[in-house]
Amino acid sequence: MADIEMEEDHPRLILHNFLTEDECKELEFIHKSCSTIGYRPNVFSTTLSHLIATNSAHLIIPFLPIRDRLKEKVEETFGCEYELVTEFTGLISWSRGASIGWHSDDNRPYLKQRDFTAVCYLNSYGKDFEGGLFHFQDGEPKTIAPMVGDAVIYTADGRNTHSVDEVTSGERLTLTLWFSRDSSHDEDAKLILLLEENVLHKSNNVPWSLLPLPASDNMYWFSPHQASNQDIGFDIRLGRLHALGFDVYYSRDMNFGSDLSELLMEPMQLARRDQLLDHKFVNVLHSLQIGEYVNLYDEQVAQFYFWEGSKSPAFTNEVQSGKAVRLSRSQSEKITRVNSVFLKDAKLVETVFQSAGQCYFNLATFSAAITEWEDYSCKLHKEILLSLPQWRAHQAIYSVKFDV
């Protein structure tokens, strides 16, 4: 890891290869399978509190060791050992059209608690996206071209005023954290409370389910310039599935003259071209998490993710065996009607989300990937439960430190 040392007047540090490619890939999977509309036009975000709220608390686990490593590095770099708490942790992606002008990260009264910033780049300029260069107004280095695994840390005040160029293609993805000396802004205290409410104290002793529960629909609706009009744009869950080559199918009869806000909470299946997979998902977020897991996390399975219609004899046999069936006319019409409601602008989807490459899809491999995803979720769920006592003790240490 090669570090670029700080200037005294503009304290900042560049860390090359701070994260491994596997760590970046795992965080990318979490973001693409769980994100909602962000705080600026053409921006998407995944916060830890949102993961808890959508019954995906186990996906917090990959963040924890990275957060600790970053906080230790910030404390070491700026000489504030044992003084900091993490104020915010989030995955943030910028798609085509997103940018931000000159600013510091504490430039609002409600942001004055932010003392230090850490940004980890999860993909690369020139490969995964164009545009999106990071600039400091003063000092060196003046411009940073994001590269997968690199991190930049700096003070959140006016000594490190910065901007980000407009993204012109692709999706620029970062893990962004802010650190504070003010313990009342400790993110962990809020997260522990949410975890205890949502994970440890389920009513009626019902075992905690690992199946995701989508947030309110307006958190997923993307339209140009963040317009509230849902006559244009698309639902980003269906949009990301569409970019992966899938449509969604609901078997029940739908009254399209009524409110469809609850439709995406219902069981559904995935379709590709004129074929329908027989696997049923509990809701669209569930299918998206598994789809992105296959596509991003397990490369050995990802190569089988798509199929080439009925041209492959092997796929024809799978269709005939009942693992997939050809869409009937009425099923195709239902898919078209769903798309007319939730994917009003397919061209916009292609502009915002890059489409994955197509290759032969093996249904048996896809089924194995679903099992692997379930095992992965269970593993993370056990880890989040085991981590709670240590996390709570960690929080108590911080509280004592700042109460003295």
Answer yes or no: is there a donor N or O on one side and an acceptor on the other, between the side chain of [X] and the main chain of [Y], under 3.5 Å?
X	Y	answer
His286	Val282	yes
Asp105	Trp178	no
Asp150	Asn17	yes
Arg40	Ser99	yes
Arg172	Phe129	no
Gln331	Ser328	yes
Ser56	Leu59	no
Gln269	His279	no
Glu23	Thr20	yes
Ser95	Asn42	yes

Problem set entry | Qualifying residue for side chain to side chain donor-acceptor pair (under 3.5 Å) with Arg12, from Asn160, Thr77, Thr155 | Asn160

Quick one: do [X] and [Y] make a salt bridge, cutoff under 4.0 Å?
X	Y	answer
Lys32	Glu28	yes
Glu171	Arg240	yes
Arg237	Asp217	yes
Arg252	Glu266	yes
Glu72	Arg69	no
Glu333	Arg337	no
Glu187	Arg67	yes

Problem set entry | Lys280 NZ: over 12 foreign heavy atoms closer than 6.0 Å | no

Exercise. Do other residues, nucleotides or ligands put more than 12 heavy atoms under 6.0 Å from the NZ atom of Lys142?
Worked result: yes

Ring centres under 6.0 Å, that's the criterion: do [X] and [Y] meet it?
X	Y	answer
Phe234	Phe342	no
His162	His103	yes
Phe222	Phe353	no

Using every non-hydrogen atom in the two residues, find where [X] and [Y] come nearest and quote the distance to one decimal.
X	Y	answer
Asp235	Leu343	O-CD2, 4.3 Å
Tyr250	Leu263	CE2-O, 3.3 Å
Leu238	Leu264	CD1-CD2, 3.8 Å
Phe18	Ala151	CB-CB, 4.0 Å
Ala271	Leu276	CB-CD1, 4.1 Å
Thr54	Pro214	CG2-C, 4.4 Å

For this session: For side chain to side chain contact (heavy atoms under 4.5 Å, CB included), just list the numbers for Val248 and Val338, CA-CA rounded to whole Å, side-chain angles, deciding distance to a tenth of an Å, and then say yes or no.
Result: CA-CA 8 Å; Val248 299; Val338 168; 3.8 Å; yes

For this session: Could you please spell out the steps behind the side chain to side chain contact (heavy atoms under 4.5 Å, CB included) verdict for Leu327 and Gln275?
Result: CA-CA 5 Å; Leu327 285 167; Gln275 309 294 346; over 6 Å; no

Less than 4.5 Å apart, side chain to side chain, heavy atoms only: is that true for [X] and [Y]?
X	Y	answer
Leu64	Trp391	yes
Phe116	Ile153	no
Arg96	Val352	no
Asp68	Leu70	no
Pro146	Thr174	no

Problem set entry | Test side chain to side chain donor-acceptor pair (under 3.5 Å) applied to Thr143 and His135, step by step | CA-CA 4 Å; Thr143 297; His135 303 285; 2.8 Å; yes

Problem set entry | Trace of the side chain to side chain contact (heavy atoms under 4.5 Å, CB included) decision for Lys190 with Ser49 | CA-CA 8 Å; Lys190 304 170 188 175; Ser49 58; over 6 Å; no

Exercise. Is the Tyr376 ring parallel, tilted or perpendicular to the Phe29 ring (thresholds 30°, 60°)?
Worked result: perpendicular

Exercise. Using 30° and 60° as the class limits, which term best fits the ring planes of Tyr154 and Phe136: parallel, tilted or perpendicular?
Worked result: perpendicular

